[in-house]
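Worksheet: one structure, shown below.
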Amino acid sequence: MALFDLDSQQRKDIIGYTSELLEEYYENTKARDVSPDLNINAVREYISDFATAPLHDSKAIIDHVFGGLEKRAVQVAHPSYFGLFNPRPAFPGIVADLMTATTNPQMAAWSHNPFTFAVEEYLIAELGKRMGYEQTDGTFCSGGAEANQTAVLCALNHAFPQYLMTGLRGIDKQPVLYCSSETHHSIAKAARMCGLGIEAVRHVVQNDQLQINVDALDKMIQDDLSNGFAPFMLVATAGTTGPGNIDPLGPMADIAKKYGLWYHVDGAFAGALALHSEKKALLSGIEESDSITIDIHKWLAAPMGTGTFLTSHPESLSSTFRITADYMPKEGTEFDAEDPYTHSIQWSRRSLGLRMYMSLLFFGWAGYEKTIQHHIDMGELMKGLLVEHGWEIKNSSALPIICFKGASDTEDELRRICEFVVKSKRAWISLYPINGEWCLRACITNYATTETEVKELVVLLDEARRSKI
Ligand SMILES: *Cc1c(COP(=O)(O)O)cnc(C)c1O
């Protein structure tokens with residue numbers, strides 16, 4: 001017996017015991033505190049006390065690790081977590097992860113894993129179709145940040161093919177890209193990481209709906225052109241992280257065409273609407289984009305670390321990322337299939353598609369539509385109840401994201417209310433400024449959130465307000 005294998009009986013006992021713990025958690029997630037006491041030093045001690053002692057038996061080890069996970073973390077799987085797009089993972093995706101970790105497919109070369117490769121290829125094509133692309137290439141990746149970085153690299157390669165050989169040194173003008181100040185910060189980080197620098201990121205003025213103002217965008221590009229800059233990319237957001245707004249996707253596509261810019265839609269959260277037969281109208285114009293980010297680990301409820309990048313240019317990824325390496329397997333070259341490592345930032349990569357594929361097999365596309373609708377219904381319910389209870393809604397999003405405050409609430413008062421809610425451990429909400437005005441923010445990120453939790457939050461908020469004196 002190899003040491004790391006344990007023996008068969010031990011494995012069965014471990015899985016059996018873990019499975020009981022996990023089942024009790026999944027069934028009774030609501031019995032947990034939504035958030036932990038925040039004392040990192042106590043947690044450090046929890047670890048060092050246990051890890052430096054002589055080896056423990058398997059139950060103690062499992063209790064220690066699961067105790068860390070369920071008692072020393074915000075429980076994003078809790079139905080009263082009204083947070084930042086972190087979902088409760090759909091159960092089939094969890095099982096997919098267990099199977100994946102066991103056989104450990106290496107996704108770098110397709111010939112090592114024809115099955116997981118073809119599953120991801122299938123899902124990318126299906127997602128692209130739902131976005132309205134006529135042809136789709138794409139890749140699974142770690143999340144929206146990697147997908148956005150991929151987009152910036154594809155855009156650079158598209159506008160300045162010499163970039164692949166010479167880097168930015170080979171470009172005589174300063175390349176610039178356009179987005180709004182509500183755009184996710186991963187775009188600025190991507191600009192930094194590929195050497196463009198943060199000043200290359202232009203923030204376009206927004207209208208009062210916090211969407212990019214297309215006239216201001218047009219004018220900004222013209223000014224940049226006459227000042228010797230080289231505009232190369234336009235980023236729209238479908239579902240901004242704060243207020244959940246969707247930029248004017250169609251009109252922005254027209255601007256991108258007018259100036260020959262790579263048009264990327266960051267739909268990390270709301271790209272999911274493409275799976276809803278009616279709500280996909282909210283994404284109208286996305287089909288004209290050059291690329292799209294959509295996270296499967298947000299609205300589509302896969303375990304964390306599951307993003308996708310889609311592009312309507314079939315050559316773009318391989319042209320941007322292909323590098324040949326003698327040690328890579330060269331089997332199966334007679335087939336029309338490109339190795340993932342020639343297609344993405346990552347090299348060795350775990351299989352990610354199965355997390356969605358398993359859920360798809362259990363629930364079908366109709367299951368995704370139904371779930372998305374449920375989130376939207378819960379969001380509408382919450383908006384109505386908040387207004388009944390005297391709160392003002394400060395954003396105007398079609399998504400289940402609500403930014404709200406009392407008419408005369410100061411920032412301090414809102415911070416106090418937010419802290420009261422979080423410290424109660426009965427729910428989790430956050431704060432976000434809308435046009436400089438601080439608000440409370442609650443998002444239905446969890447498919448298991450029902451009317452009960454929505455009503456409980458509104459009651460808790462009343463309690464928080466009354467606790468004032
Ligand atoms: C969450 C988010 C990102 C970043 O995605 P990660 O999966 O966290 O890397 C990018 N853009 C938007 C709009 C997001 O909501």
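Counting starts at 1 for both ligands and their atoms, following the listed order. As the structure is a prediction and not an experimental result, all values here were calculated from the model.
- Below 30°, between 30° and 60°, or above 60°: for Phe269 and Phe85 the angle between ring planes is below 30°, a parallel geometry.
- No N or O atom of Thr240 sits closer than 3.5 Å to an N or O atom of ligand 1.
- Among the atoms of Thr237, none of the N or O lies under 3.5 angstrom from an N or O of ligand 1.
- Residue-to-ligand polar distances place Asp295 within reach of ligand 1: an N/O pair is separated by less than 3.5 Å.
- An N or O contact shorter than 3.5 Å links Lys298 to ligand 1 by distance.
- Taking the six-membered ring where tryptophan is involved, the planes of Tyr357 and Tyr122 are perpendicular, since the angle between them exceeds 60° and thus also 30°.
- Taking any N or O of Ser186, backbone or side chain, none lies under 3.5 Å from an N or O belonging to ligand 1.
- Every heavy atom of Phe269 sits 4.0 Å or more from the atoms of ligand 1.
- Crowding of Asp37 atom CG: a count of heavy atoms from other residues, nucleotides or ligands under 6.0 Å not exceeding 12.
- Using a 4.0 Å cutoff on heavy atoms, His297 counts as a contact of ligand 1.
- For the 3.5 Å distance criterion, the side chains of Ser80 and Glu453 fail to qualify, holding no donor opposite an acceptor.
- The side-chain hydrogen bond (donor to acceptor under 3.5 Å, both in side chains) test with Tyr81 is passed by exactly one of Asn446, Asn86, Thr445, Thr449: Asn86.
- Judged by the 6.0 Å distance and 45° axis criteria, Arg88 is positioned over the aromatic ring of Tyr26.
- Of the protein's non-hydrogen atoms, the one nearest atom 9 (O) of ligand 1 is Ala145 N, 2.8 Å.
- Remark: ligand 1 atoms within the under-4.0 Å shell around heavy atoms of Phe85 are 15 (O).
- Ring planes of His264 and Phe309: parallel class, angle under 30° (limits at 30 and 60°).
- Distance from atom 13 (C) of ligand 1 to its nearest protein heavy atom, with residue and atom name: Asp266 OD2, 3.4 Å.
- Regarding atom 10 (C) of ligand 1, its nearest protein heavy-atom neighbour is His184 CG, 3.2 Å.
- Cys418 is listed as a side-chain neighbour of Ile429, based on a closest heavy-atom distance under 4.5 Å.
- Looking at ligand 1, you won't find any N or O of Gly143 less than 3.5 Å from one of its N or O atoms.
- The shortest side-chain heavy-atom distance between Met328 and Asp339 does not fall under the 4.5 Å cut-off.
- Contacts of Asn148 with ligand 1, taken as heavy-atom pairs under 4.0 Å, involve the side chain alone.
- In terms of polar-atom proximity, defined here as any N/O pair under 3.5 Å, Gly144 does make such a contact with ligand 1.
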